[in-house]
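Single-structure report; data block below.
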Amino acid sequence: MLDGAGFGVAVGHHGELVQGLFEDDGARLRRALVSLPCRQLKSRATFIASDGGGIRVLPGSCDKARRAAELTIARFGPPGTGGNLAIDSNIPVGRGMGSSTADVLASIQAVLDWLEIEPASDEVMRIAVSAETACDSTLFKQQAVLFAHRDGIVMEAFRRPLPPIHLISIETTPEVTIDTLEYRPARYDALEIETFRPLRSLLRTAIKHADVRMLGRVATASARINERFLPKPGLDEIETVGSRFDAIGIQVAHSGTVVGLMFDALDRDASVNINGAMDALRHSGFEAAIFRH
Amino acid sequence: MLDGAGFGVAVGHHGELVQGLFEDDGARLRRALVSLPCRQLKSRATFIASDGGGIRVLPGSCDKARRAAELTIARFGPPGTGGNLAIDSNIPVGRGMGSSTADVLASIQAVLDWLEIEPASDEVMRIAVSAETACDSTLFKQQAVLFAHRDGIVMEAFRRPLPPIHLISIETTPEVTIDTLEYRPARYDALEIETFRPLRSLLRTAIKHADVRMLGRVATASARINERFLPKPGLDEIETVGSRFDAIGIQVAHSGTVVGLMFDALDRDASVNINGAMDALRHSGFEAAIFRH
Amino acid sequence: MSIHVLMRRLEDFEGPRLVPLGANLFGASFFLMKLLPARFMLERAVEQGRLRPGGTICESSSGTFGLALAMLAVQHGYRLILVSDWALDRHLHRRLVELGAEVTVVDSPAPSGGLQQARLDRLHEYLRDISGSYWPSQYDNRDNPLSYGKIAEHLIDRVGRLDCLVGPVGSGGSMSGTSRYLRTLFPELHAIGVDTPGSVLFGQPSGKLNLSGLGGNILPGNVEHSQFDEVHWLAPAEVFDATHQLHREHGLFMGPTSGAAYRVAEWWSRNNPDKKVVVLFPDEGHRYVETVYDQQWLATVAGWPGPLRANPVTVGAPTEPMPAWSRFGWGRRTLEEVLAQAGRE
Amino acid sequence: MSIHVLMRRLEDFEGPRLVPLGANLFGASFFLMKLLPARFMLERAVEQGRLRPGGTICESSSGTFGLALAMLAVQHGYRLILVSDWALDRHLHRRLVELGAEVTVVDSPAPSGGLQQARLDRLHEYLRDISGSYWPSQYDNRDNPLSYGKIAEHLIDRVGRLDCLVGPVGSGGSMSGTSRYLRTLFPELHAIGVDTPGSVLFGQPSGKLNLSGLGGNILPGNVEHSQFDEVHWLAPAEVFDATHQLHREHGLFMGPTSGAAYRVAEWWSRNNPDKKVVVLFPDEGHRYVETVYDQQWLATVAGWPGPLRANPVTVGAPTEPMPAWSRFGWGRRTLEEVLAQAGRE
């Protein structure tokens, strides 16, 4: 049992389609989000067990990943298990792109892979939230979910996965990074809280009908609400470029610095429009990259 | 691109928790089910590509798996791709335990693995239904879903995965096998159709609260309705044994021959009860095996 | 499966609104409970070719079933003839007429069976004379109880597992149907029917009835007696008092059958605090502003304003005289079984 | 975030029931639309310490807002004082009293501002004399429009993307609030307000009003004029005719403000067949059985039974005399902008 290695992979994201405060059963308000996963962004974890001696991690900065591995062993593994955890990730740090959650999830998966067990998704999410205090919804690929990222609870599962979206990723403040955990959660006012209600219903409808244009409306509205808390320099200008090139909306990292200009991946003209928008954005001095679904 | 091999794994199931006819949007009636996945039952597929020459499958009886691989290549792969598909499965055939769906899903995954792409769950399910005319819901692990198995559509996604259930698996007619595709779908009457409404709402509630006892009620009711179409010899006797040993319910393969006596996997007394029930069932001449979650 | 016919334009009005009335007591307050069985019966009649496009629906009703039919007839293009009697509220009468229903009011009782029978006699004349006419016959149509799967679904969605269902019994459809569906999942469900003295539904000798919607002088085929664990009978003054209590204490302005059910449910829930109880409130109070909700009218009611019984008296047989609130342990028996035992004692 | 106060016992009654009225026209039929803003205002007042346990709520209302407050007060233990006038339906009056509300009827108009002002004067006396009293003030309380996010949510859930919202304007809360929330997602939403001649809400010179719930002689702070693309004014006879049409053709028994909105929505929808329209129906017809739904009363209404305009006349300014159905392209402007332009022309 103590031989061998376990592997795990988890993806990063490009911020959120929606993030806000939503009523759960019993009118309880919960912070929740829908992450926009990016499969180009990956964290890979390798776990090699040893007999005792605690868990060491490389790079040493991935302390939450180490903690996640420890928690996974404490919950499922043989007592006294130690080991070496190696993380290899291409997800930018401090941009609100889920580097930390991806490291944590990949590490949990690596330990589970080594243990050869496959617990339910809610157990995995509970460990991730314990390790990190909050966790994105990137794990949920089969159905899109509205995920209470601080409670580790699915508030609502939608009927379908997210429809395919191409993105132009814009780094609005290349010189600034944000520590997600240090960042103080938004204090939404009553108007904002009530606005999340129609956002949620359009989100539900849009996913059910794979209507990316309506999804773009939801993302744009959420990005706008977030401006009061973590404004993105140049957002108006990005939106204006988008409207010239038939973008379906903008979305942001609600606790990060990136902005995404969204395009319908199933639209025949998407490539041409994306190239046009890229030129226009670069011309305006934005640092932009294309993320295809 | 044409080098290398792709691997895929899919699990079988022990019949369904529920199967029936349910109203969708616009009051459209759809046949749908919730499979009860069994991770001990697995089909593993290996795909090795070749340049042209069609797709060959081993064992040759797995024709639907071959067709699934073809459809996957037609949808995602380079034109003209051929190859060898090998299936290795421990799922009993003709028992309503999803051997065929598992072969199909494993084969699709193997081709996708070789292509290094990861399409959305709804695309995978569409291919599976095309290959097989119907497909179980075993793919959906993160959230339990009510799945329209002939349309390949998720009718409803629930907030949580299925709670852990231990099973005593009983083969009611060892000498009989059933060809799922040849088996004529149940013609439910109005009372049965209306009964699926409260079943569905208790299913939703039970999954949301991880209430296995209520889930047992739902499964038992569905098994009872199915008696008019594909009766399971000895069902009453199995249920009586169950009630003596605190089973939470019975479930059946609605188009197969197996019956499951369900136990709460989180109940401390489950093991003792399962052993007691096993003895009682064997004493009554049943062919029974334990499937732990 | 035959063609799935849809008459769902008013579907949003079919389900109840759930209101917590106590720690474990929930009221299911309907806009018009009969809308669901009426729609279901019509859909099924069309599916089975018993009702054709533009056909004529004929029914005997002085209450909510007639209104439900009228609302559906106007949506889906049917002619509607309703046979009614003096109990028809004048505002409701006006509404039915504006909805295009042809309303006939019968005022002399039949030699046997009273007004209810006289209305049926008139109804049968229409059915005989109008070709292609269709009679929903809510009292005996099996599709009436069959339609309540949707209500069972709704109740489970809102309160989860139920231990007890309480409701008034008129046609028998709602209580028999809903209990049956709920018992598929909760076999131990305790079902309590609420009736009134002088109603033959649960074995009382036939007498004059002063409560529309509760009990009757003819036994409907849709009362499935073996679904009931317990039956209560309330006298009119008690029913009206409870109706006002429901309004005063919970803000729910409902008809008298709701009041009757509320009194019984509140009592049972108080005595079984660990059980989850749902009580059915079939219609709103508007039809009763000139009767139940009018103090002058109430002053003419026998036994008003009381004193009233605070608890039911348990009777030995449903055939006993019942001056006021009485209860009997029905024990899921048939009417014959209960009456046979009552006769032996 | 402050404490999240819950007063949700009647929450099931807050949302509308959706009814298809045409290919792309949906009616949102409310039990009592004011229940949602009333609950929301009270919750917020408790959160912010403006309403304390057992406190006294004082409000001026002769209609549904008063009923909503009374239903909530009885649920959650508040004393309620309502100042009303002759327009209070007697059955509603009786209901309010049974719910424990203390109802004061003002019958002499103030020298300026008429009855509406006289009621406000009386209200202010109560607020001054009763310590710990709280005035919801639905006409100016920002929490009124704020509460309609839930309605926007509900409409999107049921019909998806909306192109046009039509509704009567009284306090301004429902149309201003719902439009605002919907525009967060559908900025191009076409919002149509329905008013009546003689109401100052959209610039008519103040005149005698014969329609409760539609328009007013005092301009509420909650009418956010810049939310409206188009405004219609209907005379009483037109409103009542439309109310009967809504009942006759769709089985919906609603109050006159619903009828007014229906006429406008039906016309706009007919002229924009590719647009999805939702029309708000704020309350049911029961309060009007002795007026709008009574033919004898109707015979006393000026201009009844017609002839009536089949289409609106487009006016050049909202200040023009309007003998009958009129419309004006408001263009999301403020009242000042519109009146300034009207003055220049």
Side-chain angles (χ1 to χ4, degrees), chain A residues 17-18 20-31 146 150 156 158-159 184-229 239 243 248-250, chain D residues 1-12 14-16 18 36-37 39-41 43-48 141-163 165 173-174 176-189 224 276 278:
Chain A
L17 281 174
V18 187
L21 201 54
F22 301 88
E23 255 189 31
D24 203 351
D25 301 339
R28 177 178 172 161
L29 289 170
R30 291 185 192 273
R31 293 179 186 277
L146 179 65
R150 293 174 167 265
E156 183 173 351
F158 302 107
R159 271 179 70 166
R184 214 174 66 168
R187 290 173 66 90
Y188 300 109
D189 65 23
L191 174 62
E192 288 156 347
I193 293 171
E194 296 304 309
T195 302
F196 288 125
R197 294 178 182 273
L199 256 64
R200 181 177 183 174
S201 60
L202 190 61
L203 175 69
R204 182 184 301 126
T205 303
I207 292 175
K208 184 159 106 183
H209 297 112
D211 186 335
V212 284
R213 293 206 169 256
M214 287 302 114
L215 208 55
R217 304 283 187 102
V218 176
T220 303
S222 187
R224 287 271 155 227
I225 290 174
N226 199 56
E227 282 294 276
R228 202 162 76 79
F229 306 102
E239 201 174 357
S243 62
I248 57 170
I250 48 170
Chain D
M1 226 173 342
S2 51
I3 339 117
H4 195 48
V5 177
L6 292 183
M7 296 177 63
R8 305 287 174 95
R9 289 184 156 248
L10 298 177
E11 191 170 12
D12 257 20
E14 290 173 357
L18 269 285
L36 168 64
R39 184 266 293 169
F40 193 87
M41 286 185 246
E43 280 188 358
R44 297 264 295 162
V46 174
E47 272 173 23
Q48 294 164 5
N141 187 335
R142 294 304 298 155
D143 291 334
N144 176 354
L146 211 53
S147 68
Y148 284 89
K150 201 178 153 190
I151 301 306
E153 171 187 20
H154 192 95
L155 298 180
I156 293 172
D157 249 341
R158 296 300 302 280
V159 307
R161 179 184 167 159
L162 269 75
D163 300 301
L165 181 72
S174 60
S176 302
T178 311
S179 300
R180 178 172 187 171
Y181 285 111
L182 289 172
R183 287 224 176 92
T184 306
L185 296 160
F186 317 124
E188 62 288 359
L189 179 88
E224 199 183 336
K276 216 185 269 175
V278 168

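Each chain gets a letter, A, B and so on, in the order the sequences are listed, and its residues count up from 1. Just so we're clear, the structure is a prediction, and the values are computed from it rather than from any experiment.
Annotation: salt bridge (Lys or Arg N to Asp or Glu O under 4.0 Å) contacts of A:Arg217 (sequence neighbours excluded): D:Glu188. Looking at residues two or more places apart in sequence or on another chain, you find a side-chain contact (heavy atoms from CB on, under 4.5 Å) between A:Thr195 and A:Leu191, A:Leu199, A:Ile225, D:Tyr181, D:Thr184.
In this structure, CZ on A:Arg200 lies 13.0 Å from CD1 on D:Ile156, to the nearest 0.5 angstrom.
D:Leu146 and A:Ala190 make their closest contact through CD2-CB, 3.8 Å (heavy atoms, listed as atom of the first residue, atom of the second, distance). Between D:Glu153 and A:Ser201, the shortest heavy-atom distance links the atoms O-OG, 3.0 Å. When every heavy atom of D:Gly149 is checked against every heavy atom of A:Pro198, the shortest pair comes out as O-CD, 3.5 Å. When every heavy atom of A:Thr205 is checked against every heavy atom of D:Gly160, the shortest pair comes out as CG2-CA, 4.2 Å. Between A:Glu194 and D:Ser147, the shortest heavy-atom contact is OE1-O, 4.5 Å.
Between D:Lys150 and A:Glu23 there is no salt bridge, since none of the side-chain N atoms of the basic residue sits less than 4.0 Å from a carboxylate O of the acidic one.
With a threshold of 4.5 angstrom between heavy atoms, D:Arg180 approaches chain A through side-chain atoms but not through N, CA, C or O.
Between A:Arg197 and D:Tyr148, every side-chain heavy-atom pair lies at or beyond the 4.5 Å cut-off.
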